[in-house]
Chemist: 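This is the structure, below, for whatever I ask next.
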Amino acid sequence: MAAVQEVLLAEPRGFCAGVDRAIEIVERALAKFGRPIYVRHEIVHNTHVVKDLKARGAIFIEELDDVPAGATLVFSAHGVSRAVQREAERRGFRIFDATCPLVSKVHVEVAKLHQEGYEFIMIGHKGHPEVEGTMGQLDAGIHLVEDVADVARVQPQQTERLALVTQTTLSVDDAAEIAAAVRARFPALREPKQQDICYATQNRQDAVKLLSPLVDAVVVVGSPSSSNTNRLRELAQRLGVPAYMVEDATELRDHWFADAARVGVTAGASAPETLVQGVLQRLKALGAVSVRSLDGARETLKFPLPKGLKPD
């Protein structure tokens with residue numbers, strides 16, 4: 001029988017400003033132009049969000065060939081390559097770019113430094129849409145490293161002008177370790193003035209570092225395709241706590257909590273708060289009598305909507 005007595009909630013958790021904006025762009029496009037609205041790739045990496053928007057008339061595609069002429073197209077929060085952008089413009093779609101502004105900032109930096117003759121080392125996960133979008137800002141001269149071992153193998157054309165960029169949703173600690181290896185191998189490396197890992201990723205990881213020592217198990221709400229959600233689960237486990245990632249309350253298993261009097265709950269940046277509340281209801285059914293939120297960073301950032309979708 002589960003032993004849950006208390007639940008501690010990480011703060012902050014769940015939606016970040018970039019995710020809020022991306023979802024609102026699709027919702028406003030549907031309201032203004034009617035269904036269907038085409039979205040390249042999942043707007044954010046959350047199964048429930050995607051399912052909800054599908055029901056309201058969004059069609060998610062990977063290839064622009066699947067978008068009919070004259071349609072309205074939204075680029076996902078993860079960003080797209082220059083080639084995809086050019087192709088979409090050539091085909092004359094009505095385009096709204098829901099790329100997170102913090103990802104766009106990395107794209108702008110890459111374009112600017114490329115003009116100055118820089119090559120790039122990018123820390124990130126191969127195949128992740130954000131990595132494909134950032135690497136796709138250039139035709140060549142951007143080299144992906146996924147771990148410290150990759151750093152020894154990378155072969156830039158020159159080392160005098162080499163800059164570092166990172167995927168925005170990485171483990172802060174892992175990225176720092178890989179960046180140190182890159183710095184050691186290429187001492188002239190140019191690094192961003194502010195780290196590329198976004199404030200929301202950092203804040204949610206900091207909250208898990210605070211939460212984990214206080215609890216017997218951690219539940220992370222989010223989808224397996226979400227990079228930042230996976231990093232939260234890994235971080236809790238690294239801190240020595242059993243940690244489980246669930247899409248929603250139906251995936252919770254009673255035996256996880258057999259020896260867990262105190263359970264921590266957090267959510268990735270693309271997971272809606274309604275899913276967290278469902279998990280809380282389930283934990284209350286397992287015996288939790290108290291739920292309290294920990295203190296954490298206050299997030300007040302809000303990104304503007306693109307022209308053509310701003311409220312009148």
Side-chain angles (χ1 to χ4, degrees), residues 1-16 18-20 22-23 42-55 60 77-78 125 128-129 169-171 174 200-201 203-294 296:
M1 185 62 194
V4 185
Q5 293 166 20
E6 186 177 25
V7 178
L8 298 188
L9 283 170
E11 289 283 358
R13 65 180 179 277
F15 280 2
C16 62
V19 165
D20 266 333
I23 294 168
E42 292 185 347
I43 185 71
V44 298
H45 281 156
N46 186 271
T47 310
H48 286 272
V49 170
V50 167
K51 194 174 160 189
D52 176 54
L53 291 172
K54 268 184 186 167
F60 294 88
H78 309 98
H125 298 296
H128 189 281
T169 53
L170 298 178
S171 153
D174 287 351
T201 298
N203 287 347
R204 279 151 193 69
Q205 289 178 22
D206 288 346
V208 166
K209 286 180 181 176
L210 188 70
L211 173 75
S212 296
L214 305 175
V215 296
D216 306 307
V218 170
V219 175
V220 182
V221 182
S223 292
S225 55
S226 162
S227 174
N228 78 86
T229 305
N230 279 288
R231 305 295 80 80
L232 296 177
R233 181 180 53 81
E234 287 169 5
L235 178 56
Q237 286 179 326
R238 196 176 295 168
L239 294 168
V241 191
Y244 309 97
M245 183 165 62
V246 298
E247 294 245 33
D248 55 43
T250 64
E251 295 185 353
L252 294 171
R253 297 293 171 260
D254 294 6
H255 66 266
W256 294 347
F257 311 109
D259 300 311
R262 192 182 267 176
V263 176
V265 175
T266 188
S270 44
E273 180 62 17
T274 50
L275 302 178
V276 174
Q277 294 305 317
V279 166
L280 291 185
Q281 292 309 316
R282 182 82 191 95
L283 291 171
K284 283 176 182 170
L286 291 175
V289 287
S290 135
V291 176
R292 64 186 172 96
S293 293
L294 297 177

Chemist: Say you draw a straight line from CD1 of I23 to CG of L53; how long is it, rounded to the nearest 0.5 Å?
Modeler: 6.5 Å
Chemist: Enter the distance from L170:CG to T201:OG1 here, rounded to the nearest 0.5 Å.
Modeler: 8.0 Å
Chemist: Tell me the closest heavy-atom pair linking A288 and V7, and the distance in Å.
Modeler: CB-CG2, 3.8 Å
Chemist: Locate the shortest heavy-atom distance separating V215 from V263; write the atom from each residue and the value.
Modeler: CG1-C, 3.9 Å
Chemist: What pairs with S225 under side chain to side chain contact (heavy atoms under 4.5 Å, CB included), at least two apart in sequence or on another chain?
Modeler: E42, H45, S223
Chemist: Return the set of residues passing side chain to side chain donor-acceptor pair (under 3.5 Å) with E273 (not counting sequence neighbours), or none when no residue passes.
Modeler: R13, Q277
Chemist: Evaluate R282 against D254 for side-chain contact (heavy atoms from CB on, under 4.5 Å), listing each step before the verdict.
Modeler: CA-CA 10 Å; R282 182 82 191 95; D254 294 6; 2.8 Å; yes
Chemist: Looking at side-chain heavy atoms only, is the closest gap between L9 and L280 below 4.5 Å?
Modeler: yes
Chemist: Looking only at non-hydrogen atoms, find the nearest pair between V276 and A267 and report the distance.
Modeler: CG2-CB, 3.6 Å
Chemist: Between V19 and F15, what is the shortest heavy-atom contact and its length?
Modeler: CG1-CD1, 3.6 Å
Chemist: In residues 234-245, what donor-acceptor pairs under 3.5 Å come from side-chain atoms, sequence neighbours left out?
Modeler:
{"from": "E234", "atom 1": "OE1", "to": "R231", "atom 2": "NE", "distance (Å)": "3.0"}
{"from": "E234", "atom 1": "OE2", "to": "R231", "atom 2": "NH2", "distance (Å)": "2.9"}
{"from": "Q237", "atom 1": "OE1", "to": "R233", "atom 2": "NH1", "distance (Å)": "3.4"}
{"from": "R238", "atom 1": "NH1", "to": "D174", "atom 2": "OD1", "distance (Å)": "3.1"}
{"from": "R238", "atom 1": "NH2", "to": "D174", "atom 2": "OD1", "distance (Å)": "3.3"}
{"from": "R238", "atom 1": "NH2", "to": "D174", "atom 2": "OD2", "distance (Å)": "3.4"}

Chemist: Could you tell me the separation between the CZ atom of R292 and the CG atom of L294, rounded to the nearest 0.5 Å?
Modeler: 6.0 Å
Chemist: What residues, two or more places apart in sequence or in another chain, satisfy side chain to side chain donor-acceptor pair (under 3.5 Å) together with N228?
Modeler: S226
Chemist: Sequence neighbours left out, what passes side chain to side chain donor-acceptor pair (under 3.5 Å) with S212? Give chain and number order.
Modeler: none
Chemist: Please report the interatomic distance OG(S171) to CG(N230), rounded to the nearest 0.5 Å.
Modeler: 11.5 Å
Chemist: Side-chain contact, heavy-atom cut-off 4.5 Å: V208 with V218?
Modeler: no
Chemist: CG of L8 to OG of S290: how many Å apart, nearest 0.5 Å?
Modeler: 7.5 Å
Chemist: What's the shortest heavy-atom distance between V44 and V50, and which atoms?
Modeler: O-CG2, 3.8 Å
Chemist: For the atom pair CG (N46) and NZ (K51), what is the distance rounded to the nearest 0.5 Å?
Modeler: 11.5 Å
Chemist: Indicate the atoms forming the closest heavy-atom contact of A10 with L211, along with that distance.
Modeler: CB-CD2, 4.1 Å
Chemist: Quick one: which of L252, L275, V265 gives a side-chain contact (heavy atoms from CB on, under 4.5 Å) with V246?
Modeler: L252
Chemist: Is there a donor-acceptor contact under 3.5 Å from the side chain of R204 to the main chain of L232?
Modeler: no
Chemist: Would you please name every residue forming a side chain to side chain donor-acceptor pair (under 3.5 Å) with D248, sequence neighbours left out?
Modeler: H48, T250
Chemist: Does L286 form a side-chain contact (heavy atoms from CB on, under 4.5 Å) with K284? I'd like the steps, not just the answer.
Modeler: CA-CA 5 Å; L286 291 175; K284 283 176 182 170; over 6 Å; no
